[in-house]
2 protein chains.
Amino acid sequence: MASDHNIAELADLFRLLGDTTRLRIVLACVSAPVSVGDLAHKLDLSPSLVSHHLRLLRAARIVKSERSGKQVFYVAADQHISGMLADMLDHISEPHPEAD
Amino acid sequence: MASDHNIAELADLFRLLGDTTRLRIVLACVSAPVSVGDLAHKLDLSPSLVSHHLRLLRAARIVKSERSGKQVFYVAADQHISGMLADMLDHISEPHPEAD
DNA sequence: GTAACATATGAACATGTATTGAATTGTTTG
DNA sequence: CAAACAATTCAATACATGTTCATATGTTAC
């Protein structure tokens, strides 16, 4: 079964991905590193907001960061994250059978 | 790529699973139907709170309900949900490689 | 029908958190 | 060193939501 610690950690992961803005940010840098500014521009968000969210995502090891000159690039932390997100998108895009 | 609608739906799913109490409830009825009272007793929660959460989970098609006499039994809505949760638990329980 | 039980709902409260804008830190270029 | 750019941090605000308690609905047994 699932330990309390695992449940808490899993809930943390879900909670972070459960915000539309944060999820868009993760999906935008899931396949290749993107700078904070590019993310902000691409998603029409303020750099400040993007940075706030990236800090949380980084702390949870959902993304990792790498500095290159003035810019900092973020990308999905590992294959687990990107693969999981792909699976979840598959799950969502499938037709929902009617049930109660 | 992921449409806005898909992103919103996926974020909803994650958001609902991102609460410890709700996640415990889902995990407790992932393999077999459990009544509201049993869930409350097993998880040491008030029936009211459990019912509130089940309503949200049911609306999002994460669980489905079936009445049997006075009791209402809840169980994971489909294989996608239970399989996804198993995968996620695997992901969490694996050791985290050190990275930045 | 009434009583007892199981579940659901409503309102109120407390807590958490997403967002914003200003100020700060870090980095490169002159 | 100063200026310009990128990113981060801080404080404040607005909003969402988890929890509680009281009340209501639905079901079975007497």
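The shown structure was predicted, so the numbers you read here are calculated from the model rather than taken from an experiment. Quick note on labels: first sequence line is chain A, next is B, and so on, each numbered from 1.
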Counting side-chain heavy atoms from C-beta on, which of [options] comes nearest to [X]?
X       : options               : result
A:Val72 : D:dT8, D:dC10, D:dG18 : D:dT8
A:His53 : C:dT19, C:dT7, D:dG18 : C:dT19
A:Lys70 : C:dT28, D:dT8, D:dT28 : C:dT28
A:Val36 : D:dA7, D:dT19, D:dT9  : D:dA7

Closer than 4.0 Å, any side-chain N/O of [X] to the OP1 or OP2 of [N]?
X       : N      : value
A:Thr21 : C:dT19 : yes
B:Arg55 : C:dA8  : no
A:Tyr74 : D:dA6  : no

Shared hydrophobic cluster for [X] and [Y] (ILVMFWY, side-chain gaps under 4.5 Å):
X       : Y       : result
A:Leu45 : A:Tyr74 : yes
A:Leu54 : A:Phe73 : no
A:Val75 : A:Val30 : no

If you restrict it to nitrogen or oxygen atoms, what contacts under 3.5 Å exist between nucleotides 13-16 of chain D and the protein, and what is each distance?
none

In whole Å, I'd like the distance from the [atom1] atom of [X] to the [atom2] atom of [N].
X       : N      : atom1 : atom2 : answer
B:Leu39 : C:dA8  : CG    : P     : 10 Å
B:Glu66 : D:dT27 : CD    : C1'   : 16 Å
B:Leu17 : D:dG18 : CG    : P     : 12 Å
A:Arg58 : D:dT8  : CZ    : P     : 8 Å
A:Ile25 : C:dA18 : CD1   : P     : 11 Å
B:Arg67 : D:dT27 : CZ    : C1'   : 6 Å
A:Asp38 : D:dC5  : CG    : C1'   : 14 Å
A:Asp19 : C:dG16 : CG    : C1'   : 13 Å

Exercise. Toward the 5' end of DNA chain C, which comes first, B:Phe73 or A:Leu56, by nearest nucleotide?
Worked result: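 With B:Phe73 and A:Leu56 compared, the 5'-side residue is B:Phe73.
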For this session: Hey, which sits more toward the 5' end of DNA chain C by its nearest nucleotide, A:Ser68 or A:Leu16?
Result: A:Leu16
Exercise. Please walk me through it: do B:Ile7 and B:Leu10 pass side chain to side chain contact (heavy atoms under 4.5 Å, CB included)?
Worked result: CA-CA 5 Å; B:Ile7 290 180; B:Leu10 188 53; 5.8 Å; no
For this session: Using the side chain to side chain contact (heavy atoms under 4.5 Å, CB included) rule, take A:His5 and A:Glu9 through it: C-alpha gap first, then chi angles, then the decisive distance, then the call.
Result: CA-CA 6 Å; A:His5 178 263; A:Glu9 198 172 348; 3.2 Å; yes
For this session: Locate the shortest heavy-atom distance separating A:Lys64 from A:Ala76; write the atom from each residue and the value.
Result: CE-O, 4.0 Å
Exercise. Is the ring of A:His52 stacked on the base of C:dT19, with centres less than 5.5 Å apart and planes under 30° off?
Worked result: no
Seminar exercise, completed: Applying salt bridge (Lys or Arg N to Asp or Glu O under 4.0 Å) to B:Asp19 and not counting sequence neighbours gives none
Problem set entry | Nucleic acid contacts of residues 42-50 of chain B, taken as heavy-atom distances under 4.0 Å to DNA chain D | B:Ser48, B:Leu49
Exercise. What distance do B:Arg22 atom CZ and A:Arg15 atom CZ have between them, rounded to the nearest 0.5 Å?
Worked result: 11.5 Å
Exercise. Measuring from A:Leu49:CG to A:His53:NE2, what's the distance to the nearest 0.5 Å?
Worked result: 4.0 Å
Problem set entry | Residue pair B:Leu27, B:Leu85: steps toward the side chain to side chain contact (heavy atoms under 4.5 Å, CB included) verdict | CA-CA 8 Å; B:Leu27 290 175; B:Leu85 284 171; 4.1 Å; yes
